[in-house]
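Presented below is the structure to which this report refers.
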There are 2 protein chains.
Amino acid sequence: MAGNNKLTEEKIFEAATEEFVDKGMDGARMQDIATRAGINKALLHYYFRTKDHLFDAVFEMIARKIMKRFSPVFDENFSFEDKIRFFFREHISFLQENPKLPGFILNEINRNPARIKKLLSSVDFENIWNTFYKQHKEDLLKYNISKETMPQLMISIAAMSVFPFAARGIIEGALMKSGIEFNDFMEERKKFAAEFVISAISK
Amino acid sequence: MAGNNKLTEEKIFEAATEEFVDKGMDGARMQDIATRAGINKALLHYYFRTKDHLFDAVFEMIARKIMKRFSPVFDENFSFEDKIRFFFREHISFLQENPKLPGFILNEINRNPARIKKLLSSVDFENIWNTFYKQHKEDLLKYNISKETMPQLMISIAAMSVFPFAARGIIEGALMKSGIEFNDFMEERKKFAAEFVISAISK
DNA sequence: GTCTATAGAAGGATAGAC
DNA sequence: GTCTATCCTTCTATAGAC
């Protein structure tokens, strides 16, 4: 059947995505992917040849998905401050939908830098920063932010939203003792982080 | 020989620490640990019975080492602002000496929350925050920081120093395109992060 | 395209000599 | 305490029937 083909491949792909994100490349098992997909091991190899191929396909899809979702940040016609608010709202919302992604991505990059490097080489960070810098030159001047401190600022912003998810295992335990739910904490964080950063750069 | 005993066990332990931090629990190989230690596989099991035992011993040692190093932050007689400066200087220096620790710890906690939970249960975060809060009540009042926003603030501080190491694989690539070395970036960050946070809370 | 069966390699763990 | 040899399980990957 023509449609069936596509269906099976997709089922495998989705099952593999779950398994890899859950257990990482090293911990993932082909048998478990097959079980999740409701098929047998041999079919995995029929469609994707090796575990490595399957992993690469999954990782590339995830990377593309993230890029696509956040490209709007760089062409929205917001003020600098509103862009910061927009970013934290959107980014934390995205991570609330995909809470395991940070841990997965950070770990796989550390485990196998070579594999990831070719995926990342297509992303021109220098250009992103430059574009961003040019878009908000007046604002940044007002805030005393030089081109040299842009990396420090951008990485601080990323850290504020990504880190709680990456360190969720510790943070959830720490919050619990104060009677705070992780989800409530992250909901509150959308605003806290934005105002924190804006306040930090407003000398 | 009496002293030889201790020596071998230590060699194994150090080799295991390197291997686990490098490759994680799932990726680590008993054979590779034996090779690093310059002995054979059987001896690993003679001293530590199983891979799980060995991993637990290593992880516990690392956890203890970290706690020990940062307990001074909570009893030093600094002002709130100086404590922030002290923390970033000390914490980032520690991570410069142990750059792979963040990725390792975050990943293992995500992979196996149960295993880690008993180690963390001995750490009373609520108490740490309360102590910290009481120590600096006047400062915090001045800064309009309520007890409720303490978790947001503390986790932001941790994020600022830990995240760059956890995401080093991406950040190093991004910085390179701007001609910045990771080590220089982190050296600069000791001061940037401190002033960033202090500025953020000084409304 | 999908399945069962199995090859073949790798890895954790143990037995037993020294 | 330390080594060699080996067991046994797990896992990726393939062969071959349908």
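In what follows, every chain begins at residue 1, and chains take the letters A, B, ... in the order their sequences are listed. Given the structure is predicted, the values throughout are model-derived calculations rather than measurements. Side chains are part of it too, since the values below use all heavy atoms of this structure and drop only hydrogens, waters and symmetry mates.
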Worksheet entry | DNA chain C contacts made by residues 22-43 of chain B, counting heavy atoms under 4.0 Å | B:A28, B:R29, B:M30, B:K41, B:A42
Practice prompt. Ignoring backbone atoms, establish whether B:H45 has a side-chain N or O less than 4.0 Å from OP1 or OP2 of C:dA13.
Written response: yes
Practice prompt. Give a yes/no on whether any side-chain N or O of B:Y46 is located under 4.0 angstrom from OP1 or OP2 of C:dT14.
Written response: no
Distance-only donor-acceptor hits, side chain of residues 150-162 of chain A, under 3.5 Å, sequence neighbours excluded:
{"from": "A:Q152", "atom 1": "OE1", "to": "B:R189", "atom 2": "NH1", "distance (Å)": "2.7"}
{"from": "A:Q152", "atom 1": "NE2", "to": "B:F185", "atom 2": "O", "distance (Å)": "3.1"}
{"from": "A:S156", "atom 1": "OG", "to": "A:Q152", "atom 2": "O", "distance (Å)": "2.6"}
{"from": "A:S156", "atom 1": "OG", "to": "B:R189", "atom 2": "NH1", "distance (Å)": "3.3"}
{"from": "A:S156", "atom 1": "OG", "to": "B:R189", "atom 2": "NH2", "distance (Å)": "3.0"}
{"from": "A:S161", "atom 1": "OG", "to": "A:H91", "atom 2": "ND1", "distance (Å)": "2.7"}
{"from": "A:S161", "atom 1": "OG", "to": "A:A158", "atom 2": "O", "distance (Å)": "3.4"}

Discussion item. List the residues meeting salt bridge (charged side-chain N to carboxylate O under 4.0 Å, His left out) with A:K147, not counting sequence neighbours, and say none if there are none.
Written reply: none
Item to complete: Please name all residues satisfying salt bridge (charged side-chain N to carboxylate O under 4.0 Å, His left out) with B:E148, sequence neighbours left out, ordered by chain then number.
Response: none
Worksheet item: Partners of B:E14 by side chain to side chain donor-acceptor pair (under 3.5 Å), sequence neighbours excluded?
Response: none
Worksheet item: Listed by chain and number, what are the ring pair (Phe, Tyr, Trp, His ring centres under 6.0 Å) partners of B:H136, not counting sequence neighbours?
Response: B:F80, B:F132
Anything under 3.5 Å between a donor and an acceptor, one on a side chain of residues 48-55 of chain B, the other on a protein residue two or more places apart or in another chain? List them.
{"from": "B:T50", "atom 1": "OG1", "to": "B:D52", "atom 2": "N", "distance (Å)": "3.4"}
{"from": "B:T50", "atom 1": "OG1", "to": "B:H53", "atom 2": "N", "distance (Å)": "3.1"}
{"from": "B:T50", "atom 1": "OG1", "to": "B:H53", "atom 2": "ND1", "distance (Å)": "2.9"}
{"from": "B:K51", "atom 1": "NZ", "to": "B:M25", "atom 2": "O", "distance (Å)": "3.0"}
{"from": "B:K51", "atom 1": "NZ", "to": "B:A28", "atom 2": "O", "distance (Å)": "2.9"}
{"from": "B:D52", "atom 1": "OD2", "to": "B:R115", "atom 2": "NH1", "distance (Å)": "3.4"}

Worksheet entry | Aromatic ring pairing B:F104/B:F59, orientation class (parallel under 30°, perpendicular over 60°, tilted between) | tilted
Item to complete: Using atom CD of B:E19 as one end and atom C1' of C:dG11 as the other, report the distance to the nearest whole Å.
Response: 12 Å
Worksheet entry | Any residue of residues 49-57 of chain A with a heavy atom less than 4.0 Å from an atom of DNA chain D | A:T50, A:K51
Worksheet item: Which pairs, with at least one residue in residues 86-108 of chain B and sequence neighbours excluded, count as a salt bridge (Lys or Arg N to Asp or Glu O under 4.0 Å)?
Response: B:D22-B:K100, B:R69-B:E90, B:R69-B:E97
